[in-house]
> 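This structure is in structure tokens; I'll ask about it shortly.
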Amino acid sequence: VAPVVGTLAWLTRKYLKKIVAIQQNASLQAASFLEERLNHILMVKMSNREQDEVDSYGRIQDEFVELGKRASFANGLSMGTMFTLSTTSLCGILFAGGKAVEAKRMTHGELVSFGSYSFLLALVLHGWAKASALLAKTSKKLSMAPQDPLKFPQSVQDFINIRLTPLGS
């Protein structure tokens, strides 16, 4: 069950990131469209094209709404699938464990421990994946930091060695 959940979550998140990138691009296009039209409002009025501009901007806004619906659907599908599959796996553990308890191969305490450890393992793996993604993102941002005269810290040791001195000293 775990590979299916992971694969589905990865696919829906990838799709969601793609939609968000499209939304950001469309937002920039809408802003530049609006800025250009406002800068040349006199020309638009003189050529009597106000309604055309309103219709064009309306189409851009409709695209935003459609992208938002797709993003919401992808997010809901991801969360719903993960909830359903994790609940199904927990029920499977309890069902198989109940059969093992009934056959005296396992005690109730062992079943509870196994279920708890399985849950905690999933939480730890999820936290580890999030932390590693955040670390990669942070290190990428730090590597792109501008080299200014204030000498941006390049390592943890540089950061520790920073001395704060009052102005005018």
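The analysis underlying the following values was restricted to heavy atoms, covering all of them including side chains, and did not include hydrogens, waters or symmetry mates.
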> Under the 4.5 Å side-chain heavy-atom rule for ILVMFWY, direct or indirect, which residues accompany M43?
M46

> When rounded to the nearest 0.5 angstrom, what is the spacing between CG in L134 and NZ in K130?
9.5 Å

> Just jot down the side-chain hydrogen bond (donor to acceptor under 3.5 Å, both in side chains) partners of Q61, sequence neighbours excluded, or say none.
Y57

> Taking the side chain from N25 and the backbone from A21, do they hold a donor-acceptor pair closer than 3.5 Å?
no

> Under the salt bridge (Lys or Arg N to Asp or Glu O under 4.0 Å) rule, collect the residues that match up with R70, sequence neighbours excluded.
none

> Other than L135, which residues form its hydrophobic cluster under the rule that side-chain heavy atoms must be closer than 4.5 Å?
none

> Going by the rule side chain to side chain contact (heavy atoms under 4.5 Å, CB included), which residues pair with I60 if we only count those two or more places apart in sequence or in a different chain?
A30, F33, F64

> side-chain contact (heavy atoms from CB on, under 4.5 Å) for V65 and K69? Distances and angles first, verdict last.
CA-CA 6 Å; V65 170; K69 285 179 184 177; 3.9 Å; yes

> Just so I know, are the side chains of N75 and R13 near enough to count as touching, which here means a heavy-atom distance under 4.5 Å?
yes

> Mind listing the closest non-hydrogen atom pair of T12 and A74 along with its distance?
CB-O, 4.1 Å

> Compare all side-chain heavy atoms of D55 with those of R59 and state whether any distance is below 4.5 angstrom.
yes

> Return all side-chain donor-acceptor pairs below 3.5 angstrom for residues 95-116, not counting sequence neighbours, or 'none' if the list is empty.
unit_1	atom_1	unit_2	atom_2	d
T107	OG1	E110	N	3.2
E110	OE1	T107	N	3.0
S113	OG	G109	O	3.0
S116	OG	V112	O	2.9

> Just verifying a value: how many Å separate T88 OG1 and I93 CD1, rounded to the nearest 0.5 Å?
11.0 Å

> What's the spacing between S72 OG and L67 CG if we round to 0.5 Å?
11.0 Å

> Do the side chain of S27 and the main chain of Q23 share a donor and acceptor less than 3.5 angstrom apart?
no

> Applying the 4.5 Å side-chain criterion to the ILVMFWY set and letting contacts propagate, would I22 and Y15 be lumped into a single cluster?
yes

> Roughly how far, to the nearest 0.5 Å, is CD of E35 from NE2 of H40?
9.0 Å

